[in-house]
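Written below as structure tokens is the structure these notes are about.
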Amino acid sequence: MLNNLEYSDKVKELSEINAQLNALKAKKSELEAWFLTLGSEALKDSKAKSVCYQSDDGSSVIYTQAQKLTLEAPAVLKKLLGNTFSDFIEEKSEPTYKVKSAAVERMLIGLYTGNYTKISPSEVISQLPCSSEQQAILSKRLKGANFETDVKNIREIGGFSEQDASDYAYLYAEAVVYDTFRRLMELSGADGNPEEFIKGLTVAVSVDDTTKISIK
């Protein structure tokens, strides 16, 4: 049997450890909140999804943000997309629905958030202040799917600064959103005002912003 002194020592030790853990959790939350604010500001007005901060000893903190698409009214979306609905939206037996096409998911997110421009991707490339040969190569390399890859290609092939490459890649990604929308409307045979169609889409879906801090 343990005596009272031994109980007391163990209780004291566990209490001290618990207090230390609570202090560490509070400090961790404080630091994560600091990086969430820093990362959010760093990615403001950018299509980049993450930013990495490194220490002198090689440790790193990665801030990541994403957008989650939810199909709120599949019946409305089905009516809007017509006979192309099943090509891009998977209907499961529950029933639940899942967007099968990454390009269409980016389109729906872009239209919902207003992050699109009505000029075509080819017009964006034609506006790039570089040679026609460089434009021709970029027209094959740029996809509007991976922002970092597009920035790299514009910088290396077009000879632009990091900031200019980022700006052009941002514009190109927004042009691809509307171009995907335009082509999808042609496929579905939809008639009417595109703005009214977009308004209908914003009723059919919703988009939530998510953020994450990871440590390596």
### Query
Going by side-chain heavy atoms closer than 4.5 Å, which hydrophobic residues are tied to Phe147, directly or by a chain of links?
Val151, Tyr170
#### Entry: Whichever hydrophobic residues join Val176 through chains of side-chain contacts under 4.5 Å
Ile119, Val124, Ile125, Leu128, Ile137, Leu138, Leu142, Ile154, Ile157, Phe160, Tyr168, Leu171, Tyr172
Got a sec, which residues hit side-chain contact (heavy atoms from CB on, under 4.5 Å) with [X], two or more places apart in sequence or on another chain?
X: Ser29; answer: none
X: Glu133; answer: Ser131
X: Lys28; answer: Glu32
X: Ala145; answer: Arg106, Lys143

Enumerate donor-acceptor pairs with a distance under 3.5 Å from any side-chain N or O in residues 203-210 to protein atoms, sequence neighbours excluded.
unit_1: Ser206; atom_1: OG; unit_2: Glu72; atom_2: OE2; d: 2.5
unit_1: Asp209; atom_1: OD1; unit_2: Gln67; atom_2: NE2; d: 3.3
unit_1: Thr210; atom_1: OG1; unit_2: Ala66; atom_2: O; d: 3.4

For [range], which residue pairs pass the salt bridge (Lys or Arg N to Asp or Glu O under 4.0 Å) check, not counting sequence neighbours?
range: residues 172-190; result: Lys47-Glu174, Asp179-Arg182, Asp179-Arg183, Arg182-Glu186
range: residues 145-155; result: Lys152-Glu156, Arg155-Glu162
range: residues 49-68; result: none
range: residues 118-130; result: Lys118-Glu195

In residues 13-25, what donor-acceptor pairs under 3.5 Å come from side-chain atoms, sequence neighbours left out?
unit_1: Asn22; atom_1: ND2; unit_2: Asn18; atom_2: O; d: 3.4

Are any side-chain N or O atoms of [X] and backbone N or O atoms of [Y], one a donor and one an acceptor, separated by less than 3.5 Å?
X: Ser40; Y: Leu36; result: no
X: Ser46; Y: Ala42; result: no
X: Thr84; Y: Asp87; result: no

### Message
Side-chain heavy atoms nearer than 4.5 Å, only ILVMFWY residues, links allowed to pass through others: does that put Phe85 and Phe88 together?
### Response
yes
### Message
According to a hydrophobic-cluster definition based on side-chain heavy atoms being under 4.5 Å apart (Ile, Leu, Val, Met, Phe, Trp, Tyr only), do Leu38 and Tyr63 belong together?
### Response
yes
### Query
Using the benzene-type ring in the case of Trp, are the ring centres of Phe181 and Phe197 under 6.0 Å apart?
yes
### Task
List the steps, then state whether side-chain contact (heavy atoms from CB on, under 4.5 Å) holds for Leu108 with Tyr112.
CA-CA 6 Å; Leu108 292 171; Tyr112 182 90; over 6 Å; no
